[in-house]
A.B. asks: 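Here you go, one structure.
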Amino acid sequence: MFSTAAAAQTEGDWREALHAWMATEDIEEAYSAEDMEQLEERAAHRINLNQTTREELEELPFLSARQVEELVAYIDRYSPVRSLNELAMVAGLDWGTRQLLEHFVCVGEGRPERTWPAMGDVAKYGKHTLMGTAKIPLYKRRGDENGYLGYRYRHDIRYQFNYNNRIKFGLTGGQDAGEPFFSNRNKAGYDHYSYYFQLRDMGRLAELNAGMYRVQMGMGLLMNTGFHLGKLATLQSLGRSTHTLTAHASRSADNYLHGLAATIKLNRRWKATAFASYRAVDATLNGDGTVRTLVTGGYHRTVAEMDKKNNTHETDLGGSVGWRKGTLYVHANAVYTHFDRRLQPQTTARYRHYYPAGSDFFNVSMDYGYNNERWAVAGETALSGQGALAAIHSLNWRVSGQLSLMALHRYYDKRYTALHARSFSEGTRVQNEHGIYGGAAWQPARAWLVQAYADYAHFGWARYQVSMASDAFDAMLNTRYQKGKWTVDGRYRLHVRQRDNADKTRLVNSTEHRVRLRAERQMLPQLTLRTEADGVAVRKEAGNSRGVMVGEQASWQRGGIRIDGHVAWFHTDDYDSRLYQYERSLLYDFSFPAYYGHGLRYSLMVRADLGRRLTLTAKAAVTDYFDRAAISSGLQEIPQSSMTDLLLQLRYSF
């Protein structure tokens, strides 16, 4: 006879665990708001360890292929799992990963038969969630007076039904500040709607998606509208390969497909995925009606922005066939994309010479991998329709229980074009890059974790602000100490990039040094304090710049009430020495603003459970600048030195 006790977790706690796990580097520079919304969605509907599958666990981007295999093996051998404390028995899960994983999994009933559920059970046990969020600025921008088509408030609504993560459908409507609502060309109300229907684990039907959805294939050289990992996260997830379909429940108007997608289990070792998509996209047009650039911001606040809305249409067809035996797998993948307008970028600038041009694009690839207790290898090799090559391969070696080493090599031809590719890179495109990355994770003692990586990249063709072949170097050392109620982190990063000099006659180095120190202590069962200090020094041809930012965050929770406060002082020379700090916010509200100049940022958030079904959250956030009389420029200019935002959210679950 035994019993276990667990502290209640609130919906936002996973963000703090992710912040600690990633040391913020990837969150600031690699993760998008869409990525964070996917994690928010998974945290709200946790994976039942006693009913999960390998494919479902692979949706968590912080788990490596080996960790997924070890977790699946443990569940198969010792099922049913009775407590999350059993995660400590999975050898491949380090302390930080376990702390993060506990926010996305739960322990429920055992595995039922994989058949279609009874409609009575679906209606009885399914969960409905209705949520509304509004951001109210207590100031006016120049465009609010003259220029924007709508009012200055941002708001959205969300409805979702979820039954055991097997049946899911919902609707999300999103409106950015300045966009018209039930007026102008938004006669249907919100500027953008996301709607989706998803079935999972229905016998041979592994997954069916209708409406808006996302696709991840391999290591992202052909198709990745899901997660994109940065360099520190790649070290911790060990460069894995993933094949998943997920519903697009985000308010974002970009980075999704629209139509149908399905995965079928052909037998124990073979499965096939196919998808078809047709959607409208925004574009800036040339005088002859061809597309100069595809616009991905999703803003439709002005007449010019509204004229670009949905003026081009994109068709995507593709799929994969995969074979797996144990931890050995191979997938063959293909994607075809067609636009009803020809892409014709302006190539007067040399760096745009190899930008995608034409109406039709076709890519194929193979991804493959194998892992055991000591080794893990993964890779993908892809070809574009013009025969250009892209390849990425990773190798991980677990030297001992305390030390892991990793190497990653990528080669992306300058002529390679894949419109939905998102993979590991120093640049912003899976194109024109050749690099090698090496990393190590060492746990010299139970309380200590040391991580380091070094990455070198060569660009054989011109890039933005670089008119010739160039190089880049990036290195980081990150240490963490966790014992009892204390967690202390320290990080140093060196980033060297080459840029054109003022005359564009030669390349000069831009060298960036960044340091972060963080200390967190659980003062009381209800109170946690965190102190962070950031520093940056940038050396460049135009002159050196420096910056510093110091902040304090406090979290207090008791019963159904939680209060979070944050204050930070920053002082930087210019935008190049900008700094970031994590700040808690509402569910599905993500932004990683850059702070530069001289000022003070402070916020207060209160969350209250009004009964079992209703939750109200309010946040007030203020940024005061001491070095300017106006904030931002153009239509976004605020004619004062301070800006205050009020955020409100109401959630009802039944």
A.B. asks: Show, in sequence, the C-alpha distance, side-chain angles and deciding distance for Tyr190 and His155, and conclude whether the ring pair (Phe, Tyr, Trp, His ring centres under 6.0 Å) test is met.
C.D. replies: CA-CA 9 Å; Tyr190 283 100; His155 54 91; 5.1 Å; yes
A.B. asks: Verify the neighbour count for atom CG of Asn146: are there more than 12 heavy atoms of other residues, nucleotides or ligands below 6.0 Å?
C.D. replies: no
A.B. asks: Compare all side-chain heavy atoms of Val303 with those of Leu149 and state whether any distance is below 4.5 angstrom.
C.D. replies: yes
A.B. asks: Under 3.5 Å, side chain of Asn186 to main-chain N/O of Pro180, donor-acceptor pair present?
C.D. replies: yes
A.B. asks: Where do Gln175 and Asp191 come nearest, in terms of heavy atoms and distance?
C.D. replies: OE1-N, 2.8 Å
A.B. asks: Does Arg410 qualify as a cation-pi partner of Phe424, given the criterion of NZ or CZ under 6.0 Å from the six-membered ring centre and within 45 degrees of its axis?
C.D. replies: no
A.B. asks: Using a 4.5 Å cut-off on heavy atoms from C-beta on, say whether the side chain of Ser577 contacts that of Arg546.
C.D. replies: no
A.B. asks: Has the side chain of His258 got a donor or acceptor atom that lies under 3.5 Å from a matching backbone atom of Tyr278?
C.D. replies: yes
A.B. asks: Asn432 and Tyr416: side-chain donor and acceptor closer than 3.5 Å?
C.D. replies: no
A.B. asks: Output yes when a side-chain donor or acceptor of Asn224 lies under 3.5 Å from a complementary backbone atom of Arg422, and no otherwise.
C.D. replies: yes
A.B. asks: In terms of ring plane angle, is the pair Phe169 and Phe197 parallel, tilted or perpendicular, where the classes change at 30° and 60°?
C.D. replies: parallel
A.B. asks: Testing Asn310, Asp307, Asp282, Asn184 one by one against His300 for a side-chain hydrogen bond (donor to acceptor under 3.5 Å, both in side chains), which residue passes?
C.D. replies: Asp282
A.B. asks: List the steps, then state whether salt bridge (Lys or Arg N to Asp or Glu O under 4.0 Å) holds for Asp574 with Lys540.
C.D. replies: CA-CA 12 Å; Asp574 53 26; Lys540 51 188 178 180; 3.2 Å; yes
A.B. asks: Please confirm whether the backbone N or O of Lys140 pairs with a side-chain atom of Glu145, one donor and one acceptor, at under 3.5 Å?
C.D. replies: no
A.B. asks: For the pair His598 and Phe626, name the ring-plane relationship: parallel under 30°, tilted 30 to 60°, perpendicular over 60°.
C.D. replies: perpendicular
A.B. asks: For Arg350, is there any backbone N or O sitting under 3.5 Å from a side-chain donor or acceptor partner on Trp461?
C.D. replies: yes
A.B. asks: For Asp534, which of Arg516, Arg514, Arg493 qualifies under salt bridge (charged side-chain N to carboxylate O under 4.0 Å, His left out)?
C.D. replies: Arg516
A.B. asks: With a 3.5 Å cut-off and no angle check, do the side chains of Glu532 and His566 form a donor-acceptor pair?
C.D. replies: no
A.B. asks: Is a donor from one side chain sitting under 3.5 angstrom from an acceptor on the other, for Arg158 and Tyr588?
C.D. replies: no
A.B. asks: Specify the closest pair of heavy atoms between Asp254 and Thr296, including all atoms of both residues, with the distance to one decimal.
C.D. replies: OD2-CB, 3.5 Å
A.B. asks: Could Arg342 and Asp288 be called an ion pair, given the rule that one side-chain N must be under 4.0 Å from one carboxylate O?
C.D. replies: no
A.B. asks: With a 4.5 Å heavy-atom cut-off, do Thr129 and Arg651 have their side chains touching?
C.D. replies: yes
A.B. asks: Establish, for the pair Arg578 and Tyr575, whether the NZ or CZ atom is under 6.0 angstrom from the six-membered ring centre and no further than 45 degrees off its axis.
C.D. replies: yes
A.B. asks: Which atom names give the shortest non-hydrogen contact between Ala210 and Leu260, and what distance separates them?
C.D. replies: CB-CD2, 3.6 Å
A.B. asks: For the residue pair Tyr195 and Tyr193, is the inter-centroid distance of their aromatic rings smaller than 6.0 Å?
C.D. replies: no
A.B. asks: Quick check: closest heavy atoms across Arg463 and Ser470, and the distance to 0.1 Å?
C.D. replies: CD-OG, 4.1 Å
A.B. asks: Is there a side-chain contact between Tyr602 and Asp624 (heavy atoms, below 4.5 Å)?
C.D. replies: yes
A.B. asks: Report yes if some heavy atom in the side chain of Ser250 is under 4.5 Å from a heavy atom in the side chain of Tyr256; otherwise report no.
C.D. replies: no
A.B. asks: Pick one: which of Arg584, Gln649, Glu583 meets side-chain contact (heavy atoms from CB on, under 4.5 Å) with Lys619?
C.D. replies: Glu583
A.B. asks: What are the two closest non-hydrogen atoms of Glu305 and Tyr299, and how far apart are they?
C.D. replies: CB-O, 3.5 Å
A.B. asks: Under the salt bridge (charged side-chain N to carboxylate O under 4.0 Å, His left out) test against Asp176, which residue among Arg251, Lys135, Arg152 passes?
C.D. replies: Arg251
A.B. asks: Over 60° means perpendicular and under 30° means parallel, so tell me whether Tyr355 and Tyr351 are parallel, tilted or perpendicular.
C.D. replies: perpendicular
A.B. asks: Below 4.5 Å, heavy atoms only, C-beta onward: do Tyr336 and Thr315 meet side chain to side chain?
C.D. replies: no
A.B. asks: Treating Gln431 as the side-chain partner and Tyr354 as the backbone partner, does any N or O pair qualify as donor plus acceptor under 3.5 Å?
C.D. replies: yes
A.B. asks: Going by atom types alone, do Tyr196 and Asn209 pair a side-chain donor with an acceptor below 3.5 Å?
C.D. replies: no
A.B. asks: Using side-chain heavy atoms (C-beta onward) and a distance below 4.5 Å, is Asn333 in contact with Met223?
C.D. replies: no
A.B. asks: Using a cut-off of 6.0 Å, state whether more than 12 heavy atoms not belonging to Tyr153 lie near its atom OH.
C.D. replies: no
